[in-house]
Amino acid sequence: MPVSAAGQFFTVLLKELRESLRDRRTLWTALLLGPIGGPLLFTLMMSLGIERGQTDTREPARLVVVGADYAPELVGFLESNGAELRPVEAAGDPERAARAALEAKAARVALVIEPQFESHLRAGTPAPLELLSDSSDRHADGVKARIARWLHGYGAALGAMRLQARGVSPDLVSPLSVDDVDTATPTRRSLVMLGMLSYFILLATLVGGLHIAIDTTAGERERGSLEPLLTLPVARATLVLGKLAAACVYMTVALVVTLAAFSVALPHVGLETVGMRANFGLPVSARIFLVVLPFVPVGAALLTLVASFTRTYREAQTWLSLVLLVPTLPIVVASLYQIEPEARYAIVPSLGQHLMITALLRGDGLPWPLWWLSLLSCTALASALAGVSLALWRRESLLG
Amino acid sequence: MIEVRALRKSFGPLAAVQDVGFVAPDQAVTGLLGPNGAGKSTTLRMIYTVLTPDAGEVRIDGIDGVRDGAAARQAIGVLPAQPGLYRELSVRENIRYFGALHGMARAPLARRVDELISQLSLGDCASQRAGRLSQGQRVKTALARALVHSPRNVLLDEPTNGLDVPAIRALREIILSLKAEGRCVLFSSHVMQEVAAVCDRLVVIAGGRVIAEATPAALAEAHGGSLEDAFVAAVRAAGHG
């Protein structure tokens with residue numbers, strides 16, 4: 001009875017899929033934990049980051065002032081800059097009064113002006129001011145920084161006037177003139193945050209294939225079903241390829257779910273409110289899918305290879321949780337060195353994916369030559385890894 | 001028919017099989033008998049091609065099992081010592097998977113699976129997942145899986161391990177019916193009574209060598225009437241007692 005290898009390949013593939021679909025644990029981690037949990041976590045991180053950035057600049061600079069009467073000019077200057085003042089009576093200890101006002105949430109920052117403020121100014125000695133804020137309250141940082149900047153500006157203006165009154169040019173004491181110019185465009189700024197996106201996408205894709213890769217190799221051996229399987233007239237290459245293909249199917253589904261989750265979640269982050277833009281519509285999602293697709297067999301072959309030389313499910317899990325980090329390493333390196341999409345980098349699987357995803361998010365379009373290059377290098381690496389797996393499967397010690 | 005000649009296999013310094021040769025004819029049950037560690041499983045594993053012999057020859061219906069493993073595997077059905085099933089698949093699906101890998105077409109395969117399920121009285125649990133089966137049901141499912149392609153040669157490695165008395169009796173009947181169908185049955189055991197009950201021929205192995213090959217009756221006669229005494233004496237005589 002002649003047996004077709006293609007028929008056997010599909011029999012193995014379908015059986016592995018059917019079996020793992022019935023395993024809740026596999027389904028749960030492969031299709032929910034990574035692909036939906038990842039984007040959720042990412043979105044949450046982004047939202048918090050943005051919200052924080054927003055409160056820093058949008059929140060009115062509310063300020064408790066104790067002893068406002070002692071420095072009417074300074075108070076007027078702060079008000080004209082936009083500070084919202086909450087004057088408090090300096091009954092008894094002024095610092096204690098300021099603390100009490102902060103405790104009562106009248107504002108996040110308090111300014112204490114001593115009664116002798118004016119007399120110090122007149123005498124030309126440093127006039128004492130006290131600025132109170134809670135450094136563990138992150139929202140206070142921004143407000144405090146702005147108020148400190150205004151106070152510094154006020155002091156500098158006073159100093160300049162004193163110098164001028166004595167016939168000295170204030171420029172003499174300002175040897176440097178530094179202008180801060182932020183050249184980041186909204187898209188570019190969002191890229192720094194969205195750079196992690198490709199990391200999440202690749203990781204979720206890998207996690208998608210994790211359980212099925214272990215189940216079909218180390219799991220098969222541990223259950224004792226490998227030996228009966230090897231007594232069938234099936235070439236080991238057919239078995240390995242069928243199992244690899246099953247992992248690829250899972251990873252592809254995980255990739256689609258991940259991208260769908262991102263395209264649903266990212267618009268809710270509110271990137272636009274801080275002048276950022278996330279190019280994550282359907283066309284970009286579809287292209288990211290195309291970009292990651294050549295990486296899927298690489299991941300599947302890597303997982304299958306490692307799971308093939310471990311003996312038990314548990315051992316495979318331990319090893320693979322480490323191996324999961326390997327494809328993400330190039331991305332970390334790329335972020336550190338700010339690597340641009342170039343052929344010599346795109347040829348590295350996973351790094352190529354990261355660079356192309358970044359280009360897409362930047363709105364540069366898909367660099368097709370790099371895609372073809374990446375397809376070639378990914379296919380070569382996947383074949384090499386699958387070849388090593390096959391060599392392992394051909395050894396007698398496979399049965400343990 | 002299974003023919004084995006001068007098989008040899010070592011694992012590192014351990015010579016598991018040193019010189020094993022015998023013939024298991026069609027329409028007969030051949031018992032591979034020996035104490036634990038005698039080399040029974042290693043011999044069977046070489047016959048069903050998952051191990052490659054260091055030396056010697058295996059022929060299954062005339063096919064060279066060492067050179068043409070795939071063709072040899074088509075002619076055998078195997079119940080290994082640890083016949084793991086796919087826990088998430090049903091009994092029926094487990095059997096069907098092996099049939100499909102043998103290249104059986106859908107309709108004949110479905111018929112054959114039904115036939116085996118009724119033959120092995122697995123009807124009650126045919127749709128149950130294999131993870132929920134009793135030990136006896138598990139062995140029967142694994143046996144049905146081994147027989148799905150109606151192999152001419154059936155190899156059973158310690159099939160009665162972990163079975164209770166009714167299950168052993170059922171298995172004995174299955175083995176006898178396989179023989180009645182004209183198949184070659186080769187099964188290993190370290191339990192005398194089992195072997196005596198069904199075997200037409202005995203191959204006694206100890207220390208990786210064949211130390212006796214005869215019918216149960218002839219073997220018993222040579223050692224004063226008791227097959228058990230014969231077994232112990234034969235193993236002692238070979239210096240492995």
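In what follows, chains are A, B, ... by sequence order, proteins preceding strands, each numbered from 1.
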Whether over 12 other heavy atoms sit under 6.0 Å from A:Y199 OH: no
Other residues, nucleotides, ligands: >12 heavy atoms within 6.0 Å of A:F10 CZ: no
Best-contacting candidate, B:T49, B:T52, B:L79, against chain A by heavy atom pairs under 4.5 angstrom: B:T52
For the student: nearest non-hydrogen atoms of A:P233 and B:A70, plus distance: CB-O, 3.5 Å
A:R24 versus chain B, the contacting section by heavy-atom distance below 4.5 Å: neither
Atom pair CD (B:Q82) and CZ (A:R223), whose distance is rounded to the nearest 0.5 Å: 13.5 Å
Part of B:R87 within contact of chain A (heavy atom distance under 4.5 Å): both
B:R172 atom CZ, over 12 foreign heavy atoms within 6.0 Å: yes
Side chain to side chain contact (heavy atoms under 4.5 Å, CB included) partner of A:L232, chosen from B:R73, B:Q74, B:H102: B:H102
Chain B contacts, top residue of A:R18, A:E222, A:K15, A:Q8 (heavy-atom pairs, under 4.5 Å): A:K15
Per-residue contact mode, B:L85 against chain A (heavy atom under 4.5 angstrom): backbone
Audit row: B:Y86, A:L229, side chain to side chain contact (heavy atoms under 4.5 Å, CB included) steps and yes/no: CA-CA 11 Å; B:Y86 299 108; A:L229 185 65; 4.0 Å; yes
Check ion pair B:E93-A:R22 (N to O, under 4.0 angstrom): yes
Atom group of A:E220 that falls short of 4.5 Å from chain B, counting heavy atoms: side chain
Residues B:K9, A:E396; criterion side chain to side chain contact (heavy atoms under 4.5 Å, CB included); working and verdict: CA-CA 12 Å; B:K9 181 73 183 176; A:E396 280 180 356; 2.8 Å; yes
Which of A:T11, A:T231, A:T238 touches chain B most, by non-hydrogen pairs under 4.5 Å: A:T231
